[in-house]
Amino acid sequence: MKTDIEIAQEATLKDIREVASKIGATEDDIEMYGRSMAKISDSYIEKLENDASIKDGKLVLVTAINPTPAGEGKTTVTLGLNDALNRMGKKSVVAMREPSLGPCFGIKGGAAGGGYAQAVPMDKLNLHFTGDFHAITSANNLMCAMLDNHLLQGNELRIDPKRVVVKRCLDMNDRSLRNITIGLGKRLDGVVREDHFCITVATEVMAILCLAENLQDLKERLGRIIVAYNYDNEPVTAADLKCVGAMAVLLKDAIRPNLIQSLENNPVFVHGGPFANIAHGCNSVRATKIAMKVSDYVITEAGFGADLGAQKFLDIKCRMAGIKPDAVVLVATARALKYNGGVPKDELSKENVEALNKGIVNLGKHIENLKKYNVPVVVTINKFVADTDAEIEAIKNFVSDKGCRFAVSEVWAKGGEGGQELAAQVLDAIEEGSPDFKFLYSDELSLKEKIETISKEIYGADGVEYSQEANNALKRIESLGFGNMPVCMAKTQYSLSDDQKLLGRPEGFNVSIREVYVSAGAGFVVAIAGQIMTMPGLPKSPAAERIDVLDSGEIIGLF
């Protein structure tokens, strides 16, 4: 079969104005970025928001088991399911995240789906797209530059240079920037201090953009960002630095959702892109709500496994946005289940029902977790060519015993045609309904109680261990009045535990919390578990080694 980028480059794209007409938008309602990409105008967004006669569409969340080197295909299923629904005559759109350059040039690759279930133009989406990430990077780094300038120009706010908490950012995997020293040289070169970088998708500015309802809300949230603490142990904010207006100017276009299309020319909203292992892992609230206004069904996804992206979607995004899913699709592959059962990566194409049955406990735990929220769950197997009937049957029987709907997805090979079995199950699950949606924990719990609830209920931990630094931070954060916020756990995506080597369904472990900080503008508290880093590094053989552009302008090696 052709590579993803070959399939995408051979696709026949419709003019984005024609795609926009499917959501009721005219040429005046969009700002075009060439013929195949557009941003939704503020006036069209306001028109949708102010029309009380519009009934919101049904919301379907696509999540997955813990990712493995075998790949799960969550975004592929998201796009294929949407194309399948449209083939069945349903008015359906996708709302998904923008890819980060870090994984594109690192090890994971792009995030535009795969095979015959992709969002296009795939190359532009995976690279600079409409410039949103560059705007977020610039806004964040402007704030940092204003802070260091304030230190040099007399430090009227009495900021303690050793207690600066905001980090500079770059949308690239660059481990050498995790811990640096700045201000070296002459006096006018700045105040010498230790500084740090995180990847753009881990910044609070990214989280704020994805949670803000509008420009005014964006500015208010930016103003609440805690950049440092002063010598009296009081927080200093971006508003104190007087940089909010300038940051908002940089973000005024980035806050508007982007519109592209699937390979089958159906509308796809793509906006925002926080990682789910070190941030909250969901596309923007604004794009999701707009999508719900212009369609009967919205298919959205949350990053990595259900222990991260789905948990944060359900407990953070839904809580803040006042939305709830009508169904959840849980994606797995026979290959990934065999990997969890101990099969090496180079042997995953061989039938091994015994190993599959051993590793399927990972799927079982995710099913149990999602049921805690009172949402209908549909399990789908993203089918690979080498999957055998015996393996598929074993998974189907397991899922049936768990009381969930089951479908085989073949969207990678067949596009929307291969997703109609899944689409039918999703429609039935929505029609059947479920008990009232509920959160995992209440706002009233202490921060430690929230962390321990997630760790025990979702990860399966026996308990939680805190570093002294984390304990002190929790006390300080609650004393500042942020104790009622939800918790955003930063944890490895490869395991239910905080140890990436523990596959399957780990038991008898504690979660180690080494650091805690408040993202006051985003509206949540971040707890960092285990050895997870907010600035990833490149692998020994990064994907960048195989990416190139030909004299014709054709990009090769992108996946």
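Side-chain atoms are counted along with the backbone in the values below, which use heavy atoms only and exclude waters and symmetry mates.
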Taking D326 for its side chain and L59 for its backbone only, find out whether a donor-acceptor pair lies under 3.5 Å. yes

Using a strict 4.0 Å threshold on nitrogen-to-oxygen distance, state whether E391 and K338 make a salt bridge. yes

Regarding D315 and Q311, is there a side-chain donor-to-acceptor distance under 3.5 Å anywhere? yes

Could you list the donor-acceptor pairs under 3.5 angstrom formed between side-chain atoms of residues 518-538 and any protein atom two or more places apart in sequence or on another chain?
from, atom 1, to, atom 2, distance (Å)
T534, OG1, K167, NZ, 3.4

Does the K456 side chain pair with the main chain of G463, one donor and one acceptor, at a distance under 3.5 Å? no

Which residues share a side-chain contact (heavy atoms from CB on, under 4.5 Å) with K74, sequence neighbours left out: V62, A64, E301

Under the 3.5 angstrom rule, does the side chain of S284 hit a backbone N or O of A287 as a donor-acceptor pair? yes

Under 3.5 Å: donor-acceptor pair, side chain of D387, backbone of K383: no

For D83 and N266, test the side chains for any donor-to-acceptor distance below 3.5 angstrom and give the result as yes or no. yes

The side-chain contact (heavy atoms from CB on, under 4.5 Å) partner of C210 among H271, H280, K317 is H280

Heavy atoms from other residues, nucleotides or ligands near NZ of K91 exceed 12 (cutoff 6.0 Å): yes

Heavy-atom check, side chain of K312 versus side chain of C488, under 4.5 Å: yes

I would like to know whether N258 and K39 meet side-chain hydrogen bond (donor to acceptor under 3.5 Å, both in side chains); could you show each step before the answer? CA-CA 4 Å; N258 309 292; K39 277 193 170 290; 2.8 Å; yes

Donor + acceptor pair across side chains of T300, T288 (<3.5 Å): no

